[in-house]
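Following: one structure in structure tokens, then a few remarks.
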Amino acid sequence: MNERIKILLVLSVSVIVISVIAVIAAIRMEKKKKKQIYKRPVYKGKGSDFWFSAYVFFDKFPITRKYLNKIRKRIEILEMSDNWTISRKTMKFAFVSTGTVVVMLGILLMLNMDMYYFMVSVITIIVVHNQIITMLVDNIENKLLIQFEKFLGDIRHHYHEHGMIDEAVYDSINDCPYEMSIHAHKMYEVLASDDPEAELEKYNEIAPNKYFKTFLANCYTVQKFGDKTLDDDSMFLTNLNYLKQEINMEMLRRKKLDYLFNSLAIIALAPIFALRFLEKWGTANLPELKIYFEGSYGFVIEILLFALVILSYKLINVLKREYTFNVTNEGIYKKIFKIDFVRSFVKILKNKDYTKSLRYERLMKIIGINKSVEQFYLQRIGYMLAAFMVCVFIFVNVHSITKNNILYNSEELIRAKEQMYIRAGDPAGKAKAQADIEAEEEIIKMDREIILFFGRRKASFEDIKNAVLDYGTIKDRELSEVAAARIDKKLKKYQNEYFKWWELIICFLVGGICYNIPYWVMVLRKKVLQMSMEDEVMQFHAIILMLMYIDRVSVDDILRWMEQFAVIFKDSISKCLNNFENGDTEALEQLKIDEPFIPFSRIVENLQSASDKIPIARAFDQLKVERGYYQEKRKIDNEIIVSKKGLMGKAIAFIPLVATVIFYLLIPFLMVSFKQLLSYSEQLSGM
């Protein structure tokens with residue numbers, strides 16, 4: 001890379017950095033000016049706003065439209081703003097993420113790296129880009145939770161004034177920040193509609209989290225059946241207190257997780273950017289290391305370290321977020337699935353073990369992956385084919401690099417070049433080193449031409465010796481025998497470098513392992529999600545506390561409410577409801593068998609008691625006491641789980657760093673040192 005290109009890159013990076021700073025300053029100024037009143041105009045003309053105009057412009061092109069739509073979908077899940085606001089926010093997120101990526105890419109290009117490392121860096125940058133988008137979306141979600149917690153306080157205040165839930169929601173709208181006010185207005189529309197139950201179901205499909213669902217369910221239930229006074233306090237306000245406790249606990253959990261995982265992703269990704277610096281440092285101290293860094297060993301280790309970095313990064317994200325947003329490119333799946341032989345093959349895989357296919361489908365529902373079983377099988381096949389092709393490419397490239405090193409490099413040439421570098425200030429020493437380099441290059445040239453002449457043909461020692469003499473550089477018989485022995489050794493290594501049958505078997509094995517990676521990731525995500533079973537049980541407690549004192553509520557009503565809010569237990573509760581008409585006792589007993597988690601089983605036992613004509617309030621009379629106990633227990637469990645996740649995350653984050661030190665520094669140093677020790681031992685024994 002010449003100086004002109006470097007100067008252009010530096011200027012480009014500088015312009016991007018200045019632009020990012022300007023954008024941040026503009027955003028901060030805009031936030032100060034933004035009014036926090038719901039009833040205000042939000043739409044402006046296309047030409048009056050930079051971000052909206054930019055969104056409209058980039059939305060015209062297919063590639064940028066797809067990219068913007070991916071970001072937009074994630075924002076729309078959390079915000080119910082108008083098109084103008086969401087479009088502007090989408091464009092801001094896209095600018096920050098792509099701007100950061102361009103800056104990183106510019107820095108990497110200035111490092112004068114080779115093609116392999118460039119490809120590795122580009123793919124790593126894509127991962128960093130996804131991390132930036134996730135962080136920006138997380139900030140929206142955390143901000144919305146904080147606003148919602150304040151909104152609950154406003155509801156409590158206005159409910160004390162006139163005792164009407166819908167009016168309390170309406171009066172709280174103008175006190176909310178803009179993002180929360182839109183959700184509050186939608187909640188008011190649900191409660192004030194002619195068919196609130198149908199509107200409630202629609203809202204639950206777009207609700208940003210379970211706390212919004214719980215609050216609206218509490219409002220709807222109390223508005224429909226009326227409020228009650230329990231222990232000198234309103235049932236509705238008591239439920240609000242429970243909900244505020246849940247939100248505060250969730251925010252504390254998120255803050256602690258953010259603190260523990262704050263720099264782990266950077267630690268996991270850092271080694272892949274340090275490889276060239278480590279290589280330069282190593283070769284500066286021990287020039288012979290170039291044989292390993294520039295050879296097949298260095299290539300394989302780079303690929304393995306890159307795979308380890310990406311795997312560590314993914315595992316850290318799974319640990320941090322047990323329930324993640326998944327963008328599935330259904331268009332690609334649909335196009336591939338339209339191919340006849342692909343569709344037939346996937347159906348054969350699905351029907352071969354239909355029970356397993358159902359298990360995959362249930363697992364995807366539990367962890368929140370929105371795709372079909374056919375798409376899951378296509379994803380597994382894609383992983384397998386990609387791994388197989390990458391593995392074949394690695395083996396072919398390893399043989400190619402080794403052949404190239406045999407033909408064009410030698411340890412003596414590396415040493416001679418290093419001597420020339422050391423003696424740069426000494427004219428006599430530099431001239432001698434230059435002569436050594438020229439002599440070694442001439443020897444390498446002769447060896448290369450003789451090796452290429454024989455190629456893959458069998459050649460005896462005499463044939464090689466005659467070829468050396470015919471070449472004309474060496475006339476002496478004894479020296480020709482030495483050269484022939486050297487070339488014979490090189491030729492055998494050269495001829496042995498080809499794609500072997502056992503390498504093909506390894507490629508198939510790697511493909512088979514990678515075929516199961518999507519399933520293993522889902523299993524891991526489920527295990528992480530199961531750590532939050534206690535949270536879901538506490539959610540059921542909140543629902544039951546809202547419903548238990550209402551006279552007309554039955555056991556199947558409670559189960560339906562539980563199903564609506566369930567994630568981990570959803571399939572089992574749905575199955576119980578389907579079997580409920582055939583016998584409530586048997587259906588509930590089967591539910592206990594399907595979900596043996598003890599706190600959940602206690603809820604089911606209480607429901608069994610209520611189904612035996614005992615009032616629901618009496619069946620759950622210990623729930624308040626148990627709730628207090630479970631909340632204290634949950635605080636301790638949350639701390640233990642978060643600490644455990646933090647320790648696991650740290651261990652995973654440092655694995656690539658340790659692997660880099662061991663495989664990229666320690667082992668090459670030891671191999672070169674051991675080789676030199678053997679060489680010295682041979683010299684001593686010869687003396």
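Under a 3.5 Å cut-off, the side chain of Ser263 and the backbone N or O of Ile266 do not form any donor-acceptor pair. Side chain of Thr64 to main chain of Phe58: a donor-acceptor pair is present (N/O by atom type, distance under 3.5 Å, no hydrogens or angles). A donor-acceptor pair under 3.5 Å is formed between the side chain of Asn142 and the backbone N or O of Asp138. Checked by atom type and distance alone, the side chain of Ser357 pairs as donor or acceptor with a backbone atom of Lys350 at under 3.5 Å.
Side-chain contact between Val555 and Asp584 is absent, with no heavy atoms from C-beta onward closer than 4.5 Å. Side-chain contact between Trp502 and Cys507 is absent, with no heavy atoms from C-beta onward closer than 4.5 Å. Residues Met384 and Cys514 are not in side-chain contact: their nearest non-hydrogen atoms beyond the backbone lie 4.5 Å or more apart. Side-chain contact check for Ile573 versus Phe600: some heavy-atom pair is nearer than 4.5 Å. Using a 4.5 Å cut-off on side-chain heavy atoms (C-beta onward), Ile394 and Phe299 make contact. Counting heavy atoms from C-beta on, the side chains of Leu588 and Leu559 come closer than 4.5 Å. Side-chain contact between Asn579 and Glu586 is absent, with no heavy atoms from C-beta onward closer than 4.5 Å. Between Glu205 and Glu201, the closest side-chain pair of non-hydrogen atoms is not below 4.5 Å.
Here the shortest heavy-atom pairing between Arg72 and Ser87 reads NH1-OG, 2.9 Å. In terms of heavy atoms, Asp556 sits closest to Phe580 at CB-CE2, 3.7 Å. When all heavy atoms are compared, the tightest approach of Val190 to Leu200 is CG1-N, 3.7 Å. The two residues Glu563 and Lys570 come nearest to each other via the heavy atoms O-NZ, 2.9 Å. Taking each heavy atom of Asn606 and Phe620 in turn, the nearest pair found is CB-CE2, 3.2 Å. When all heavy atoms of Thr221 and Ala217 are compared, the closest pair comes out as OG1-O, 2.7 Å.
In summary, Glu605 and Lys592 engage in a salt bridge, as defined by a charged side-chain N under 4.0 Å from a carboxylate O. With respect to Lys202 and Glu199, a salt bridge is recorded, a charged nitrogen being found less than 4.0 Å from a carboxylate O. Taking the charged nitrogens against the carboxylate oxygens, Lys210 and Glu536 have no contact shorter than 4.0 Å, which rules out a salt bridge.
Ring centroid separation for the pair Phe148 and Phe215 comes in under the 6.0 Å cut-off. Ring-centre distance between Tyr383 and Tyr515: not below the 6.0 Å cut-off.
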Candidate pair Leu591 and Phe569, rule side-chain contact (heavy atoms from CB on, under 4.5 Å), full reasoning:
CA-CA 10 Å; Leu591 181 58; Phe569 302 103; over 6 Å; no
Check the pair Gln379 / Gln375 against side-chain contact (heavy atoms from CB on, under 4.5 Å), numbers first and verdict last.
CA-CA 6 Å; Gln379 184 186 25; Gln375 290 175 351; over 6 Å; no
Walk me through whether Glu141 and Arg254 qualify under salt bridge (charged side-chain N to carboxylate O under 4.0 Å, His left out).
CA-CA 11 Å; Glu141 190 173 2; Arg254 290 189 182 194; 3.0 Å; yes
Ile603 vs Met562, side-chain contact (heavy atoms from CB on, under 4.5 Å): CA-CA, chis, key distance, verdict:
CA-CA 11 Å; Ile603 292 177; Met562 288 170 60; 4.1 Å; yes
Given side-chain contact (heavy atoms from CB on, under 4.5 Å), test Leu243 with Asn218 step by step and report yes or no.
CA-CA 10 Å; Leu243 187 57; Asn218 184 24; over 6 Å; no
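Other residues, nucleotides and ligands contribute at most 12 non-hydrogen atoms within 6.0 Å of the CE atom of Met135. At most 12 heavy atoms of other shown residues, nucleotides or ligands fall within 6.0 angstrom of atom NZ in Lys650. When the shell of 6.0 Å around NZ of Lys256 is examined, it contains more than 12 heavy atoms from other residues, nucleotides or ligands. When the shell of 6.0 Å around CZ of Phe597 is examined, it contains more than 12 heavy atoms from other residues, nucleotides or ligands. Around the CD1 atom of Ile505, the shell of radius 6.0 Å holds more than 12 heavy atoms that belong to other residues, nucleotides or ligands.
The distance from atom CG of Leu144 to atom CD1 of Ile182, rounded to the nearest 0.5 Å, is 10.0 Å. Rounding to the nearest 0.5 Å places CD1 of Ile303 at 8.5 Å from CG of Asn397. Distance check, rounded to the nearest 0.5 Å: OH of Tyr664 to CG of Leu275 gives 5.0 Å. Going from atom OG of Ser601 over to atom CD of Gln608 covers 9.5 Å, rounded to the nearest 0.5 Å. For the atom pair Ser609 OG and Ile616 CD1, the distance stands at 11.5 Å (nearest 0.5 Å). In this structure, the separation between CG on Leu145 and CZ on Phe212 is 6.5 Å, given to the nearest 0.5 Å.
There is a side-chain donor-acceptor pair under 3.5 Å between His399 and Glu503. Side chains of Gln590 and Asp594: a donor on one and an acceptor on the other come within 3.5 Å. Between the side chains of Ser97 and Tyr67, a donor-acceptor pair is found at a separation under 3.5 Å. A donor and an acceptor atom, one from each side chain of Ser554 and Asp557, are located under 3.5 Å apart.
Shown are Arg359, Lys356, Glu361; of these, the side-chain contact (heavy atoms from CB on, under 4.5 Å) with Val373 is made only by Glu361. Each of Val390, Ile506, Leu504 was checked for a side-chain contact (heavy atoms from CB on, under 4.5 Å) with Phe395, and the lone residue meeting it is Ile506.
Ring geometry for Tyr220 against Trp561 counts as tilted: the plane angle lies between 30° and 60°, on a 0 to 90° scale.
A cation-pi arrangement is not found for Lys347 relative to Phe345, the charged atom failing to lie both closer than 6.0 Å to the ring centre and inside a 45° cone about the ring normal.
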